[in-house]
> 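Sharing a structure, written as structure tokens. Questions coming.
These numbers come from the heavy atoms of this one structure, side chains and all, not from hydrogens, waters or symmetry mates. Small disclaimer: the values here were computed from a predicted structure and weren't measured.
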Amino acid sequence: MDSFLWAEDATKRLDFEPMFPDSRRGGTPDDQLEAMHRIGFHFGTEESEVDQSVAAAFAPADEMTGVRLTPEFLELATFTCEFIRNR
């Protein structure tokens, strides 16, 4: 299962699975609808031109940020992850 999550200032703005773009969640789930159509996501009974895979989950990020997330970019990037446990 793949997913796309757009969060801004600790607020979930858009969350969806690329195979099911009709099922969007978040505070502003339709803000990127025009961009999603432009990228090639189709909704309802329309056939999709987008490869509904991991790569498709990166397409909205490319569109929104202007940063091209290529395999080379991801291989060379440094990621920081932290786990916070609530007690």
> Distance-only criterion, 3.5 Å: show the donor-acceptor pairs between side-chain atoms of residues 62-70 and protein atoms not counting sequence neighbours.
residue, atom, partner, partner atom, Å
D62, OD1, L69, N, 3.0
D62, OD2, R68, NH1, 2.7
E63, OE2, R38, NE, 3.0
E63, OE2, R38, NH2, 2.5
T65, OG1, A61, O, 2.7
T65, OG1, V67, N, 3.1
T70, OG1, E72, OE1, 3.4
T70, OG1, F73, N, 3.0

> Could you go step by step and tell me if F41 and F16 meet the ring-ring contact (aromatic ring centres under 6.0 Å, His included) rule?
CA-CA 12 Å; F41 284 99; F16 71 97; 5.7 Å; yes
> Scan residues 20-32 for pairs that pass salt bridge (charged side-chain N to carboxylate O under 4.0 Å, His left out), counting only residues two or more places apart or in two chains.
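As it turns out, the salt bridge (charged side-chain N to carboxylate O under 4.0 Å, His left out) pairs with a partner in residues 20-32, which skip direct neighbours, are R13-D31, D15-R25, R24-D30.
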> Do P21 and M36 touch side chain to side chain, with heavy atoms closer than 4.5 Å?
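Yes, their side chains come closer than 4.5 Å.
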> Roughly how far apart are F43 CZ and S23 OG, rounded to 0.5 Å?
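One finds 10.5 Å between CZ of F43 and OG of S23.
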> Taking distance alone, no hydrogens or angles, what donor-acceptor pairs closer than 3.5 Å link side-chain atoms of residues 76-84 to residues at least two apart or in another chain?
none

> Mind listing the closest non-hydrogen atom pair of G26 and P29 along with its distance?
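Scanning both residues, the minimum pair turns out to be O-CD, 3.1 Å.
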> Can you tell me if CD on E8 sees more than 12 non-hydrogen neighbours from other groups inside 6.0 Å?
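Atom CD in E8 is crowded, with more than 12 foreign heavy atoms closer than 6.0 Å.
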